[in-house]
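Here's the structure, in structure tokens; my notes come after.
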Amino acid sequence: MTFADLGTYQATKPEDVKIWFKACEVSRFPKNGGACIKYKDKQIAVFNFTRIGKWYACQNLCPHKMEMVLSRGMIGEEGGNPKIACPLHKNTFSLETGENLNGNLEAIATYPVKIEDNFVYVGFSE
Amino acid sequence: MKTILVIGNGMVGYKFCEKFIAQERKSEFNVIVFGEEPRVAYDRVHLSEYFENEDEEKLMLAPRSWYEENNITIYTNERVTDIHKVNKTITTLSEKTFSYDYLVLATGSTPFVPPIKGVDKKGVFVYRTIEDLEETMAFAKKIKGGKAAVLGGGLLGLEAAKAVKDMGLEPHVVEFAPRLMPRQLDDDGSAALESKMKELGITVHLNKATQQILGNGSIEGMEFLENEKLDVEMLIISAGIRPRDELAKTCNLEMGIRGGIVVDNTMRTSDPSIFAIGEVALYNQMIYGLVAPGYEMAQVAVDQILGNETKMSASIDMSTKLKLIGVDVASFGNPFATEEEAHAIVFENKLEGLYKRINVSKDGKTLLGGILVGDAGDYNMLLQLYQNKMALPENPEDLILGARGGEGTAMGNVMDLPDEAVVCSCESVTKGAICCSVIDDGNESVKSVAKVTKATTGCGGCKPMVADLVTESLKSLGKTIKVRICEHFDYSRQELYDIVKLREIKDYDELLDTVGNGNGCEVCKPATAAIFASVYNETANKQETIQDSNDRYLANIQRNGTYSVVPRVAGGEITPKQLMAMGRIAQKYDLYTKITGGQRIDMFGAKLHELPLIWEELIAEGFETGQAYGKSLRTVKSCVGSTWCRYGMDESVSFAIEIENRYKGIRSPHKMKGGVSGCIRECAEARCKDFGFIAVEGGWNVYVCGNGGANPKHAELFAEKVDKETAVKYVDRFLMYYIKTAPPLIRTAAWLEKLEGGITYLKNVVINDSLGIAEELDKEMQNYADTYKCEWKEAVETPEIRSRYTHFINSDETDSNIEYVDLRGQKMPKAWA
């Protein structure tokens with residue numbers, strides 16, 4: 001992976017969703033944790049915030065050392081906002097905005113998630 | 001709208017911008033910055049950290065977007081070549097022209113390269129910019145294991161020597177003067193530092209005048225006077241700085257005889273529209289190569305441009321404290337005061353490499369300066385005593401010897417400092433401002449005080465003192481000082497431990513619902529996971545999403561997102577059959593193998609989905625997990641003891657195996673290691689472990705609280721010549737007491753340091769049962785030993801746990817992102833481009 005590969009991941013807003021990708025059954029995701037799904041050539045980390053009944057998705061690629069690991073990180077919140085901590089060096093990213101909360105790394109791409117009939121769908125614009 | 005051009009985007013140039021945008025009237029000005037380097041300003045003071053992590057972002061003072069957000073135009077890679085002061089314009093190398101109302105020269109300095117014959121040979125470097133470091137590192141890779149010299153034994157030279165060592169080369173420091181850090185240390189201080197350097201494997205050559213650089217094209221050595229030679233394959237020159245004053249020559253600004261642009265106490269040059277700040281400015285006929293005076297100059301220039309009357313201090317404090325390669329070195333005030341001016345009080349402990357000197361005025365009332373080598377813990381307080389001319393204690397020697405026989409410290413309390421005492425010299429923040437931000441503005445943590453006052457944000461050296469001031473200010477408000485684990489729990493780890501135990505709370509959600517706020521984070525989750533493990537001896541499999549990442553997958557995540565697998569090899573004893581099994585499994589899954597420092601075999605490169613497969617095979621061969629990922633017992637290292645060794649006093653291998661099996665799987669605030677040596681030759685290095693046993697005539701000596709790692713510390717003797725049962729009992733209680741009371745991620749040595757009463761108190765609790773808890777501690781430890789389960793056995797045998805080990809949950813494909821390259825016949829992760 002190189003910096004150029006970061007371009008593969010572009011944040012998608014709910015209003016720009018063209019495809020709702022049917023990813024997996026809800027039950028395959030750990031409670032209060034995440035797992036990785038594959039969509040075309042993309043690796044997407046999806047997080048199940050069971051305590052607050054919310055779901056978030058972002059690129060699986062940590063922009064710090066370019067490794068596909070974010071789905072294996074610990075989820076949490078800071079001042080009420082959801083975040084993910086990378087398992088490699090504990091860089092934290094907002095799951096709302098993708099912003100790096102404890103440094104100056106590039107923001108990560110985030111994607112909308114919806115749940116229908118016990119299935120997790122992730123929204124993409126292409 | 002007026003225009004300010006800032007030439008130079010180093011630390012001082014950046015500071016000028018930062019101070020400027022804090023002004024209300026900033027919108028009346030247009031600020032344009034020119035930097036010659038390809039990147040925006042970074043922290044050159046901490047440049048050697050780049051060697052360790054190669055992470056330039058960590059050094060950045062602000063991202064490029066910061067300039068944009070603050071309406072500052074920045075041109076990087078752009079050198080200014082001429083100043084035309086008559087029409088107030090400058091031109092750049094790319095022939096752009098800009099006009100100014102005010103011009104700020106913050107061009108800094110360049111490393112001085114002495115005119116030595118052959119200095120232009122390949123392999124000779126300077127130590128100044130990230131580019132310099134990158135070139136040096138690339139060259140060092142090619143000569144791995146070779147010898148390298150650093151020319152110059154000053155602050156920066158010693159830093160460079162550390163970097164050279166980190167690059168895997170054999171470091172030599174060559175200094176012209178008869179001592180190291182000649183501007184800061186006296187001969188004895190230098191000798192103490194030199195012996196510390198020797199311990200660290202850095203060779204120091206003093207009194208060496210380099211005549212020429214030898215070699216044919218590339219450097220092969222250095223030649224000193226009298227034909228003396230030193231063979232080296234690389235050289236870093238760190239022989240001082242020269243101001244970058246060439247722009248002054250293009251417009252006839254007044255300059256010093258030996259360079260530097262002359263400024264007055266308003267930082268104006270001989271042209272009132274042109275300012276010079278930082279290492280290019282010659283103030284009081286001196287160039288100041290420290291950050292703090294540069295920052296003060298930046299403030300003065302900002303204020304002067306805005307019409308305020310701020311002036312530069314008449315005398316500039318050159319006090320410095322550094323941690324060089326883990327060795328404290330500090331010097332303040334006048335370190336060399338002569339006998340006519342002062343009494344020097346000196347304390348020296350050659351065994352521990354300590355040297356402390358203070359110079360006290362003839363009347364014994366004020367401190368004039370001093371030197372600290374080996375332990376500079378009291379530097380901040382001594383500096384304050386000196387700067388504020390505060391009254392000294394009756395026996396000034398107490399300042400460096402500590403108050404003997406009495407309670408309390410000779411230094412007095414931080415709150416005794418006058419309000420105007422400057423605590424953070426980088427940002428000129430006074431004690432008054434810090435206390436005020438706590439008491440009046442309600443900032444209750446160092447972090448929030450730092451945000452408001454900027455204290456601690458420069459070199460960070462004042463952090464301990466700021467922390468003390470915050471704590472003391474809070475105390476003065478009658479507030480209890482609470483160590484909160486994070487925003488989700490208003491409790492310390494100790495308190496949470498008690499809550500979980502006494503209220504019989506069973507899981508993290510319940511804990512949050514009962515005594516927490518919100519939904520948790522990556523700080524409180526692993527901390528409470530360790531508490532649940534300690535209280536209920538549950539494995540990491542039970543609440544997998546609150547485990548630290550390594551615990552969650554029961555393996556260490558490595559550089560490329562793959563994992564390493566480390567089975568337990570208790571006491572380092574392994575049968576040939578087991579060795580073959582490990583070899584076969586490693587070969588089958590194409591793993592990189594390495595013997596660890598703790599007598600085990602590490603297998604790297606396992607992909608997430610392979611972990612259960614590998615463990616299944618290992619378990620079938622009789623292996624179990626070594627908890628190499630956990631905050632738990634790693635290894636109990638042993639020598640071969642009386643089993644085979646002709647010196648062995650007792651059977652260290654059996655003892656080590658017994659002990660390792662006793663404590664395996666127990667989770668603790670940090671990783672723990674043990675050691676058992678069969679005689680005082682100490683081949684198992686038991687005295688650098690959290691607990692250690694050494695066989696002596698008549699029994700075992702027990703040692704506790706030794707640590708290797710970044711802050712190594714020898715273990716302390718806890719009990720002498722005890723029998724095996726007693727030794728184990730003591731360590732049982734000691735470990736249990738540590739597990740129950742230490743904050744998260746604090747190793748035993750650091751824990752003991754903070755324990756009031758220290759080792760004496762610990763002995764009282766463990767040996768004399770002064771708290772009456774010994775029986776409980778014994779019972780709890782026995783319970784752990786009795787209920788041990790292998791986490792991996794549990795994981796591979798439980799389908800629900802096993803199913804967690806997959807890279808994608810919607811596809812059987814594996815991560816195509818992982819690439820390897822060859823390394824001495826094995827593989828290693830390919831570095832990302």
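These values consider heavy atoms only, across backbone and side chains, with no hydrogens, waters or symmetry-generated copies. Throughout, a chain's letter reflects where its sequence line sits, starting with A, and its residues are numbered from 1.
Interatomic distance, E67(A) CD to T562(B) OG1, rounded to the nearest 0.5 Å: 8.5 Å. To the nearest 0.5 Å, the span separating CE on M74(A) from SG on C524(B) amounts to 9.5 Å. Taking SG from C24(A) and CG from N810(B), the interatomic distance works out to 5.5 Å, rounded to the nearest 0.5 Å. Here Q43(A) contributes atom CD and S816(B) contributes atom OG; the two are 6.0 Å apart, rounded to the nearest 0.5 Å.
Between D815(B) and K38(A) no salt bridge is recorded (no basic side-chain N to carboxylate O distance below 4.0 Å). Between K90(A) and D548(B), at least one side-chain N (NZ, or NE/NH1/NH2) sits under 4.0 Å from a carboxylate O, which counts as a salt bridge. With salt bridges taken as basic N to acidic carboxylate O contacts below 4.0 Å, one links E522(B) and K83(A).
Your options are C86(A), G73(A), G79(A), G80(A), and the one with the most heavy-atom pairs under 4.5 Å with chain B is G79(A). Taking L512(B), V523(B), L608(B) one by one and counting their heavy-atom pairs under 4.5 Å with chain A, the maximum is reached by L512(B). No other option in H488(B), H807(B), K525(B) has as many heavy-atom pairs under 4.5 Å with chain A as H807(B). Residue with the most contacts toward chain B among P87(A), C36(A), G76(A), A85(A): C36(A) (heavy-atom pairs, distance under 4.5 Å). Contact count versus chain B (heavy atoms, under 4.5 Å) is highest, among I44(A), N104(A), I37(A), for I37(A).
Contact of E813(B) with chain A is made through the side chain alone, with heavy-atom distances under 4.5 Å. For a residue to count as touching a neighbouring chain, one of its non-hydrogen atoms must lie under 4.5 Å from one of that chain's; by this rule I546(B) touches chain A with the backbone only. For F47(A), no part lies under 4.5 angstrom from a heavy atom of chain B. Of the two parts of S65(B), neither the backbone nor the side chain holds a non-hydrogen atom closer than 4.5 Å to a non-hydrogen atom of chain A. Of the two parts of E78(A), the backbone and the side chain both hold a non-hydrogen atom closer than 4.5 Å to a non-hydrogen atom of chain B. Of the two parts of N60(A), only the side chain, counted from C-beta on, holds a non-hydrogen atom closer than 4.5 Å to a non-hydrogen atom of chain B. Of the two parts of Y553(B), only the side chain, counted from C-beta on, holds a non-hydrogen atom closer than 4.5 Å to a non-hydrogen atom of chain A. Interface residue E544(B): only side-chain heavy atoms are found under 4.5 Å from chain A.
Counting only distance, with no hydrogens or angles, the side chain of R51(A) and the backbone of N519(B) share no donor-acceptor pair below 3.5 Å. In terms of modelled atom types and a separation under 3.5 Å, the side chain of R72(A) and the main chain of G561(B) share a donor-acceptor contact.
For K114(A), the NZ atom sits in a packed shell: over 12 heavy atoms of surrounding residues, nucleotides or ligands are nearer than 6.0 Å. Around the CD atom of E56(B), the shell of radius 6.0 Å holds more than 12 heavy atoms that belong to other residues, nucleotides or ligands.
Just one residue in the list I75(A), T50(A), N48(A), N32(A) forms a side-chain contact (heavy atoms from CB on, under 4.5 Å) with T545(B), and that residue is N32(A).
Heavy-atom minimum distance, E77(A) versus C521(B): O-CB, 3.8 Å.
Side-chain contact check for P30(A) versus R552(B): some heavy-atom pair is nearer than 4.5 Å.
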